[in-house]
J.: 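Sharing a structure here in structure tokens format.
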Amino acid sequence: METVIPAEGKSVYGQFLSRWLGNGDNSKILLTSREQPVFSANLQPRCHWLVLKGLAEADAIRLVTEDYELTGTQKELAHFVNRMYRHPLLMQLVSSWMRDDFGVGVCVTEAENLGLDLFTVEGYHRDMETCVREVIAASLARLSARLGDILKRLSVLRGIFDLGLAQGLTAEVTEAELRYLARLSLLQEFPPEPLKGKPRRFQFLPLISMVVQQQADSELLRSAHQAALDYFLAHLPAPPWESLEDLTAYLEGFYHAGELGEWQFAFDILNEERGGEGKNKSVEEFLDLQGFYRQRAHLYEQVIAGTQREQDCHRKSLNRLGNCYISLGQYEKAIALYQRCHDMSEKIGDRQGVASSLCGLGNCYISLGQHEKAITHHQQYHDISEEIGYRQGVANSLGNLGICYKNLGQYEKTITHHQRCHDISKEIGDRQETANSLGNLGISYNYLGQYEKAISHHQQHHDISEEIGFREGVARSLHNIGETLLNLENYSEAETKIQESLVISQEINYKSLIADSFKALAAIAHQTNQPQLALTHCQAALTLSQELGIPLVKDCEELLAKIQDDLEAV
């Protein structure tokens with residue numbers, strides 16, 4: 001639980017747990033933790049603590065005899081593992097130590113000769129952790145100065161690492177030394193995967209890295225973080241990326257820059273454009289496209305916590321975090337963040353920051369159905385952008401105003417604004433926004449019932465997106481053509497277009513559009529009297545929407561209810 005709920009309980013998970021404890025009646029949440037968390041007195045009675053003991057005795061004995069080749073009678077072995085409460089890590093550390101000191105096949109009774117009373121701390125939970133810490137500290141004390149220094153430098157690494165990464169932090173370390181540290185259970189070792197061309201890899205258990213870092217000099221840790229940052233920056237894979245794993249070097253670089261207090265640099269790692277036209281240009285855009293809204297939120301929360309309000313990255317991170325909350329449908333939280341950015345930017349005269357926050361506020365009010373407020377904010381966004389010569393902002397604000405007027409049913413105004421957005425985008429050479437504006441015009445004509453015009457504009461959106469390699473736009477335009485054909489009750493062609501869109505969305509992992517497509521396919525199946533297929537598609541849309549935490553959940557639930565009514569009628 002400590003990995004998601006910090007001690008001060010201020011994370012979104014901590015807030016959720018406190019609220020849930022205050023309201024939940026029919027559900028239970030099972031969590032594991034090293035420490036018993038502290039809640040207010042009125043919530044404590046709702047919590048029940050189950051103490052987790054170690055392995056079953058037979059499994060514990062199997063661990064020390066088969067994995068570490070210790071020997072002894074059944075009674076001696078049982079006594080040995082039970083004195084350590086059958087705690088896996090503690091047994092691994094002690095068994096590794098004994099094998100290293102006394103050789104293979106040593107009897108467990110030799111534990112008394114290790115030179116440290118390992119078993120005086122009674123109890124478990126915090127006390128057991130104290131005992132494990134003592135063994136780790138004693139194991140570290142036995143290392144040579146060289147190996148101790150290597151281990152301390154490597155302890156700043158969060159994930160799995162190979163020899164190449166290890167040498168990036170401490171140049172002369174050898175694989176033999178890493179394997180020796182693994183035999184002592186101070187590292188976890190993963191065997192090589194020859195078929196995948198992967199070498200041996202290693203990783204710290206969190207408790208061990210924490211104890212190691214507590215014993216390290218702060219300057220040594222700082223130089224290790226810098227070396228890790230340099231290594232990851234030298235090994236950043238260029239886009240296009242396919243999965244979160246492809247971003248490992250970027251995210252680890254972000255982490256180490258943050259540990260060095262270089263938060264502007266950490267922010268730039270996420271937002272710097274790294275690809276060609278129409279590709280996933282930055283880590284920020286990729287995370288947004290793939291629906292990793294919570295992961296993005298966590299990154300920007302760190303930047304905000306580590307910086308001062310005067311810093312550019314602080315204010316921009318407030319806006320980015322607001323964008324995450326909009327995607328998650330948490331509009332009030334987003335409004336609070338945009339307002340903070342607006343006030344800070346206005347105070348220091350950052351007109352671009354003011355404009356960006358007005359844009360975010362306007363988008364929130366659109367989602368909340370407060371269209372007049374939305375128009376006011378987007379008009380201010382437009383005026384400031386025009387005043388400072390920010391043509392991209394002028395185009396964006398015109399597009400946003402067209403969304404506003406669409407929701408008010410003023411489709412002629414909608415078309416006027418999207419056309420102006422299109423013209424400016426074309427003028428400044430922003431082909432992606434040109435394509436998007438054509439898509440918005442298509443949606444507007446769709447609302448007016450001018451379906452042929454709508455399809456024509458969506459086709460242009462498709463063609464430009466395909467030309468510039470903007471696969472997100474290709475998928476979205478195909479989906480919109482399918483939705484228009486659905487309005488024409490041309491279910492066969494509508495299904496074909498949406499299936500084509502779905503294939504591309506799944507290839508690029510465009511999760512929110514995948515959910516939209518499954519929902520549209522469910523609607524088609526519902527309309528064509530295929531209730532079982534409709535149910536399958538709708539459940540897929542609902543599951544993904546719930547995973548992403550997006551507002552589409554409500555639409556899916558409503559459609560699912562209709563489909564289930566049909567099935568019951570049958």
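Keep in mind that this is a model prediction, so the values were computed, not measured.
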J.: Would you say Q213's side chain and S155's backbone share a donor-acceptor pair under 3.5 angstrom?
T.: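 Side chain of Q213 to backbone of S155, a donor-acceptor pair under 3.5 Å: yes, one is there.
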
J.: Going through the distances and angles, do F80 and C107 end up as a side-chain contact (heavy atoms from CB on, under 4.5 Å)?
T.: CA-CA 10 Å; F80 176 72; C107 181; over 6 Å; no

J.: Does the distance from a Lys or Arg side-chain N to an Asp or Glu carboxylate O, for D350 and R315, drop under 4.0 Å?
T.: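 R315 and D350: salt-bridged.
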
J.: Within the side chain of W263, is there an N or O that forms a donor-acceptor pair under 3.5 Å with the backbone of E259?
T.: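 No, because the side chain of W263 does not come within donor-acceptor range (under 3.5 Å) of the backbone of E259.
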
J.: Assess the side chains of S185 and S96: does a donor N or O sit below 3.5 Å from an acceptor N or O?
T.: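 Judged by distance alone, the side chains do pair up.
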
J.: Could you walk me through whether W97 and Y68 pass the ring pair (Phe, Tyr, Trp, His ring centres under 6.0 Å) check?
T.: CA-CA 10 Å; W97 186 342; Y68 294 92; over 10 Å; no

J.: Taking the side chain as everything from C-beta on, heavy atoms only, tell me whether F265 gets closer than 4.5 Å to L229.
T.: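 In short, these two side chains touch, coming nearer than 4.5 Å.
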
J.: Does a side-chain heavy-atom distance below 4.5 Å link V64 with V94?
T.: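 No. Closest side-chain heavy atoms not under 4.5 Å.
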
J.: So which atom in N319 and which in C341 form the shortest heavy-atom distance, rounded to 0.1 Å?
T.: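 Taking every non-hydrogen atom into account, ND2-SG, 3.5 Å.
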
J.: For the pair L244 and Q290, evaluate side-chain contact (heavy atoms from CB on, under 4.5 Å) and give the outcome as yes or no after the intermediate values.
T.: CA-CA 9 Å; L244 197 59; Q290 306 283 20; over 6 Å; no

J.: If you count the non-hydrogen atoms of other residues, nucleotides and ligands that lie under 6.0 Å from CD in E242, is the total more than 12?
T.: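 Incorrect, the count does not exceed 12.
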
J.: Check whether any side-chain heavy atom of H342 sits under 4.5 Å from a side-chain heavy atom of Q339, and report yes or no.
T.: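 A side-chain contact exists here, since the closest heavy-atom pair is under 4.5 Å.
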
J.: Is there a side-chain contact between S505 and D516, using heavy atoms and a 4.5 Å cut-off?
T.: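 S505 does not reach D516 side chain to side chain.
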
J.: Under the 3.5 angstrom rule, does the side chain of Q167 hit a backbone N or O of V173 as a donor-acceptor pair?
T.: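 Side chain of Q167 to backbone of V173, a donor-acceptor pair under 3.5 Å: yes, one is there.
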
J.: Salt bridge between E110 and R99, side-chain N to carboxylate O under 4.0 Å?
T.: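 No salt bridge links E110 with R99.
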
J.: Tell me, do F190 and Q203 make a side-chain contact under 4.5 Å, heavy atoms counted?
T.: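 Touching, per the 4.5 Å side-chain cut-off.
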
J.: Check whether any side-chain N or O of T170 sits under 3.5 Å from a backbone N or O of A166 as a donor-acceptor pair, and report yes or no.
T.: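 A pair under 3.5 Å: no.
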
J.: Calculate, to the nearest 0.5 Å, the distance between atoms CG and NZ belonging to L169 and K152 respectively.
T.: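 Rounded to the nearest 0.5 Å, the CG-NZ separation comes to 15.0 Å.
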
J.: Indicate yes or no: at least one non-hydrogen side-chain atom of L299 is less than 4.5 angstrom from one of V303.
T.: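 No, their side chains stay 4.5 Å or more apart.
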
J.: Can you confirm whether the side chains of N271 and R320 place a donor and an acceptor under 3.5 Å from each other?
T.: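 Yes, side-chain donor-acceptor contact under 3.5 Å.
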
J.: State whether E507 and R471 are salt-bridged, where the test is any N-O pair (Lys NZ or Arg NE/NH1/NH2 against Asp/Glu carboxylate O) under 4.0 Å.
T.: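 The answer is yes: the pair qualifies as a salt bridge.
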
J.: May I ask you to decide if A540's main-chain N or O and T543's side chain share a donor-acceptor pair within less than 3.5 Å?
T.: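 No, the answer is negative, given that no donor and acceptor are paired below the 3.5 Å cut-off.
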
J.: When you compare the side chains of Y180 and E175, does any donor N or O come within less than 3.5 Å of an acceptor on the partner?
T.: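 Their side chains do not contain a donor-acceptor pair, so the 3.5 Å distance test is not met.
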
J.: How far apart are the closest heavy atoms of F102 and N113, and which atoms are they?
T.: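 Heavy atoms only, the tightest pair is CZ-O, 3.9 Å.
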
J.: Can you give me the closest heavy-atom contact between F232 and L165, atom names plus distance?
T.: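 Taking F232 first and L165 second, the nearest heavy atoms are CZ-CD2, 3.8 Å.
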
J.: Nearest heavy-atom pair of L77 and G72: which atoms, and what distance?
T.: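 Looks like CD1-O, 3.5 Å.
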
J.: Would you please name every residue forming a ring pair (Phe, Tyr, Trp, His ring centres under 6.0 Å) with Y325, sequence neighbours left out?
T.: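 Checked Y325 against ring pair (Phe, Tyr, Trp, His ring centres under 6.0 Å); zero matches.
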
J.: With a 3.5 Å cut-off and no angle check, do the side chains of E310 and H314 form a donor-acceptor pair?
T.: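 Note: E310 and H314 side chains miss the donor-acceptor criterion.
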
J.: Go through it in stages, so that I can follow the logic: the residues are I61 and L55, the test is side-chain contact (heavy atoms from CB on, under 4.5 Å), and I'd like the CA-CA distance, side-chain angles, deciding distance and then a yes or no.
T.: CA-CA 9 Å; I61 291 173; L55 300 177; over 6 Å; no

J.: Is it true that D288 and R296 have a side-chain N and a carboxylate O under 4.0 angstrom from each other?
T.: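 Yes, charged N to carboxylate O under 4.0 Å.
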
J.: Find out whether Y300 and N323 are in side-chain contact, i.e. whether some heavy atom of one side chain is under 4.5 Å from a heavy atom of the other.
T.: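 No, side chains not in contact.
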
J.: Output the distance between atom CD (E547) and atom CG (L542), rounded to the nearest 0.5 Å.
T.: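 Here the interatomic distance stands at 11.5 Å.
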
J.: Can you find a side-chain donor-acceptor pair between N82 and R86 that sits under 3.5 Å?
T.: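 A pair is found: one side chain offers a donor N or O, the other an acceptor, under 3.5 Å apart.
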
J.: So does L220 get a backbone contact from the side chain of S223, meaning a donor-acceptor N/O pair under 3.5 Å?
T.: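 Confirmed, S223 side chain pairs with L220 backbone.
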
J.: I'd like to know if R62 and D59 make a salt bridge, using a cut-off of under 4.0 Å between side-chain N and carboxylate O.
T.: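 The answer is yes: the pair qualifies as a salt bridge.
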
J.: Short question: side chain of E76, backbone of T73 - any donor-acceptor pair under 3.5 Å?
T.: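 Side chain of E76 to backbone of T73: a pair is present.
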
J.: Locate the shortest heavy-atom distance separating L337 from G322; write the atom from each residue and the value.
T.: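 Looking at all heavy atoms of both residues, the closest pair is CD1-N, 3.8 Å.
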
J.: About how many Å separate CD1 of I508 and CZ of F286, when rounded to the nearest 0.5 Å?
T.: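 Answer rounded to 0.5 Å: 9.5 Å.
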
J.: Output yes when a side-chain donor or acceptor of Q311 lies under 3.5 Å from a complementary backbone atom of Q308, and no otherwise.
T.: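 A pair under 3.5 Å: yes.
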
J.: Less than 4.5 Å apart, side chain to side chain, heavy atoms only: is that true for L544 and I550?
T.: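 No, side chains not in contact.
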
J.: Please list, chain by chain and in numerical order, all residues satisfying side chain to side chain donor-acceptor pair (under 3.5 Å) with R340, sequence neighbours excluded.
T.: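 Partners of R340 by the side chain to side chain donor-acceptor pair (under 3.5 Å) criterion come out as none, since no residue qualifies.
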
J.: Among H225, R158, E262, find the one that has a side-chain hydrogen bond (donor to acceptor under 3.5 Å, both in side chains) with H256.
T.: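 Exactly one option meets the side-chain hydrogen bond (donor to acceptor under 3.5 Å, both in side chains) with H256, and it is H225.
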
J.: Could you please spell out the steps behind the salt bridge (Lys or Arg N to Asp or Glu O under 4.0 Å) verdict for K316 and D312?
T.: CA-CA 6 Å; K316 286 182 178 176; D312 181 62; 3.1 Å; yes

J.: Show the nearest heavy-atom pair for residues A475 and I504, with the distance to one decimal.
T.: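 For A475 versus I504, the nearest heavy atoms are CB-CG2, 3.9 Å.
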
J.: Rounded at 0.5 Å granularity, tell me how far CG in L187 sits from CD1 in I160.
T.: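 CD1 of I160 is found 12.0 Å from CG of L187.
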
J.: Taking only distance into account, with no hydrogens and no angle test, what donor-acceptor pairs under 3.5 Å do side-chain atoms of residues 136-151 form with protein atoms, sequence neighbours excluded?
T.:
residue : atom : partner : partner atom : Å
S139    : OG   : V135    : O            : 2.9
R142    : NH2  : D100    : OD2          : 3.4
R142    : NH2  : D101    : OD1          : 2.4
S144    : OG   : L147    : N            : 3.1
R146    : NE   : E177    : OE2          : 2.7
R146    : NH2  : E172    : O            : 2.9
R146    : NH2  : E177    : OE1          : 2.9
R146    : NH2  : E177    : OE2          : 3.1
D149    : OD2  : R153    : NE           : 3.1

J.: If only atom types and distance count, is the side chain of Y250 paired as donor or acceptor with the main-chain N or O of S282 below 3.5 Å?
T.: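 Checked: no pair found.
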
J.: Is the Lys NZ or Arg CZ of K511 less than 6.0 Å from the centre of F292's six-membered ring, within 45° of the axis?
T.: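 Here K511 passes the 6.0 Å and 45° test against F292.
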
J.: Taking it one step at a time, do R200 and E189 satisfy side-chain contact (heavy atoms from CB on, under 4.5 Å)?
T.: CA-CA 7 Å; R200 290 187 183 276; E189 179 180 352; 2.8 Å; yes

J.: When rounded to the nearest 0.5 angstrom, what is the spacing between OG in S317 and CG in L270?
T.: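 The OG atom of S317 sits 8.0 Å away from the CG atom of L270.
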
J.: What's the spacing between Y338 OH and L318 CG if we round to 0.5 Å?
T.: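 One gets 10.5 Å once the value is rounded to the nearest 0.5 Å.
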
J.: Just by distance, do the side chain of S356 and the backbone of G353 share a donor-acceptor pair under 3.5 Å?
T.: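 Judged by distance alone, no pair lies under 3.5 Å.
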
